[in-house]
Amino acid sequence: MTFTLPKLAYNFSDLEPWIDAATVEIHYSKHHQKYCDNFNAVISKYPTLSDWPAEEILKKINEIEVSEEDRTQIKNHGGGFANHNLYWLNLGPKKILDAALLEEINKNFGSPEKMREEFNKKATALFGSGWTWLVRDETGKLRIYNLPNQDSPLSIGHTPILALDLWEHAYYLKYQNRRPEYIENWWKANRLVS
Ligand code: MN3
């Protein structure tokens with residue numbers, strides 16, 4: 001199996017004004033594509049993994065029989081591939097609110113506002129390149145945390161729900177050093193939670 005980028009359900013310009021068209025285009029067709037290509041290159045060395053979905057490979061990152069150097073490659077580029085898949089899926093020009101998710105958020109955080117507050121606090125505090133995550137942990141509880149680089153929550157047994165890319169390539173063209181503004185506007189482009 002060769003991994004390919006999921007087709008976006010919207011045009012590059014559809015997330016304007018929150019995320020600009022140039023950023024979406026470069027992020028998707030250059031950055032995301034590069035993770036995908038590098039992931040394919042490393043997986044092509046291991047025919048036993050060729051039928052596995054990316055998510056399964058990341059879940060078993062510490063068990064799969066690969067060289068340590070390639071494990072790092074898979075973590076970085078497989079993570080980059082899968083993380084961006086979710087990033088694009090979270091976004092959209094039209095809100096399609098997920099009622100079951102909202103109920104879970106209310107149960108775990110009290111309200112979407114409280115969840116966003118905690119999420120934004122974590123996102124603003126992230127040092128360097130990485131992602132802020134809303135995940136469901138192994139007990140079913142929702143949690144918010146940061147992971148560095150392209151590390152995936154799947155690799156620690158969690159199911160990612162919301163994925164905020166905080167690498168500078170995700171926002172620098174439009175927002176430069178104004179990361180908090182990007183974070184605020186990312187919520188506006190997020191179709192799952194208002
Ligand atoms: Mn990115």
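Order of appearance sets the numbers: ligands from 1, and atoms from 1 within every ligand.
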Shared hydrophobic cluster, Leu58 / Ile156 (ILVMFWY, side-chain heavy atoms < 4.5 Å): no
Path from Leu173 to Trp167 over hydrophobic side-chain contacts below 4.5 Å: no
Donor-acceptor contact below 3.5 Å, side chain Asn11 vs main chain Asp14: no
Sub-2.8 Å protein N, O or S atoms surrounding the Mn ion (ligand 1):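 Only His27 NE2, His84 NE2, Asp165 OD2, His169 NE2 fall inside 2.8 Å of the Mn ion (ligand 1).
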Contacts of His27 that satisfy ring-ring contact (aromatic ring centres under 6.0 Å, His included) - sequence neighbours left out: His84, Tyr87, Trp88, His169
Pi-cation contact, Trp52 with Lys60 (under 6.0 Å, within 45°): yes
N-O pairing of Lys121 and Glu118 below 4.0 Å: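 No, no charged N to carboxylate O under 4.0 Å.
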